[in-house]
Amino acid sequence: METDNNTTDIFVKQAVKLASLEKPGNDFVPSLMDKINELNTQKSTVIVASPIISKKGWFVVGVIIVSIFGLLFSTSSNILTFPTLNLPDINISFDNIISLFYSISIPRVFLVGLSIFIFYFILQIYFLVREGDEPTRTNLLL
Amino acid sequence: MEPLDENILIQQTLKGDVKSFEEIVSRYNMMVYTLAYRVLKNREESEEIAQDVFLKVYQSLNGFNMKSKLSTWIYRITYNLSINKFKSQKRKIVTTEIDRYAEFSATVLPDAHNNAVEAEKQKMVNDSIFKLPETDRIIITLYYYEDISVKEIAKIINLSAQNVKVKLYRSRQKLFKDLNNKINY
């Protein structure tokens, strides 16, 4: 049995060696090296892309949204009033203009709408950025 | 081919020496092409896959673990890309080896006859190999042509060593049965 296996093994080995390796075209190596040189050229001129919104930017946006929602739920009033700095008395007749800055009244409904708008806007940006990054995430199958 | 020599080539390539990578390509291009051809049975596609293999090797070389064999890694990439290409196409193309016969000169008759006989034998062996399943063709080629161990082959094609042994045994039996009466040594 073992002798038969050895015979078979030797025969198949000789047969496979007889088949020999296949040879690619003569321009295989030169064209491959051209592609590699092209890759190297591209690498040296590539512009490193920075994210549309940096991590700090996302943090600031997050703080704003949380603040808005916090303000929304902190009072049951339909109008939110934000006190502002009272400007010092100035001997110039800007009374009408200055008086606008004493307080800003924002209806609650407006804030809710604004919050929802900002939320969906940021969600859109997130998906757009993710879609833009998709080609670089290809698995190299290793 | 000594491992140290290959590691030097890899290190030089990583430093930007493209000539070193060309040396790696020269060493492996025929085997890579052969493996791809054994799966795809189409020369143009096999060349394309072979080029993709080396491009991928070049781009991923900085992630290569130098404790492993470079050949195992390259052949594994070749196998994966070839099989993926084959599966995406789901077709089998039989090529006619007309170009082989064109290589021989008709002016020297004795050599032409011997060469034709050898070419015929090669064709018979190739035809028999192509009757095997794709993975078995790769196993046979790696085992008998590169003298790669069953363990290494198992790493390349991502099967257990036992599974590789069984496939090797069966393929060997099939080839022997097919070729025994056709080829005499």
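Within every chain, numbering begins at 1; the chains are lettered A, B, ... in the order of the sequence lines, protein sequences first and strands thereafter.
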A:I125 reachable from A:V66 in the ILVMFWY side-chain graph, under 4.5 Å edges: no

Single-linkage hydrophobic cluster B:L55~B:L9, side-chain heavy atoms < 4.5 angstrom: yes

Worked verdict on B:Y169 versus A:T8 for side chain to side chain contact (heavy atoms under 4.5 Å, CB included): CA-CA 10 Å; B:Y169 174 79; A:T8 309; over 6 Å; no

Chain B contact residues among residues 114-122 of chain A, heavy-atom distance under 4.5 Å: none

Separation of B:R38 CZ from A:E22 CD (nearest 0.5 Å): 6.0 Å

Set of residues satisfying salt bridge (Lys or Arg N to Asp or Glu O under 4.0 Å) with respect to B:R172, sequence neighbours excluded: A:D9

Cluster link A:F59 to A:V61, ILVMFWY, side chain under 4.5 Å: no

Interatomic spacing from OH in B:Y58 to CE in A:M33 - rounded to 0.5 Å: 7.5 Å

Validation row: A:F11, B:L179 side chains within 4.5 angstrom (heavy atoms): yes

Least distance between heavy atoms, B:E47 atom then A:G25 atom: OE2-N, 2.7 Å

Flag if over 12 foreign heavy atoms under 6.0 Å of NZ, A:K17: yes

With B:K155 via salt bridge (Lys or Arg N to Asp or Glu O under 4.0 Å) - residues at least two apart: B:E152

Side chain to side chain, A:P24 and B:M30, heavy atoms closer than 4.5 Å: yes

Stepwise side chain to side chain contact (heavy atoms under 4.5 Å, CB included) test for A:L32 and B:V25: CA-CA 9 Å; A:L32 173 68; B:V25 172; 3.6 Å; yes

Geometric cation-pi criterion A:K23 and B:Y33, 6.0 Å radius, 45° cone: no

Within 6.0 angstrom of B:K85 NZ, more than 12 heavy atoms from elsewhere: yes

Criterion side chain to side chain contact (heavy atoms under 4.5 Å, CB included) on B:Q173 and A:V12, from CA distance to verdict: CA-CA 9 Å; B:Q173 296 300 318; A:V12 171; over 6 Å; no

Close approach to chain A in residues 11-23 of chain B, criterion heavy atom under 4.5 Å: B:V18, B:F21, B:E22

Least distance between heavy atoms, A:L21 atom then B:Y145 atom: CG-CE2, 3.4 Å

Donor-acceptor under 3.5 Å (B:Q122 side chain, A:S20 main chain): no

Minimal non-hydrogen separation, A:A15 against B:V125, with atom names: O-CG1, 3.2 Å

Presence of salt bridge, B:D147 and A:K13, under 4.0 angstrom: yes

B:L175 reachable from B:V166 in the ILVMFWY side-chain graph, under 4.5 Å edges: no

Side-chain donor-acceptor pair present, A:S31, B:Q51, cut-off under 3.5 Å: yes

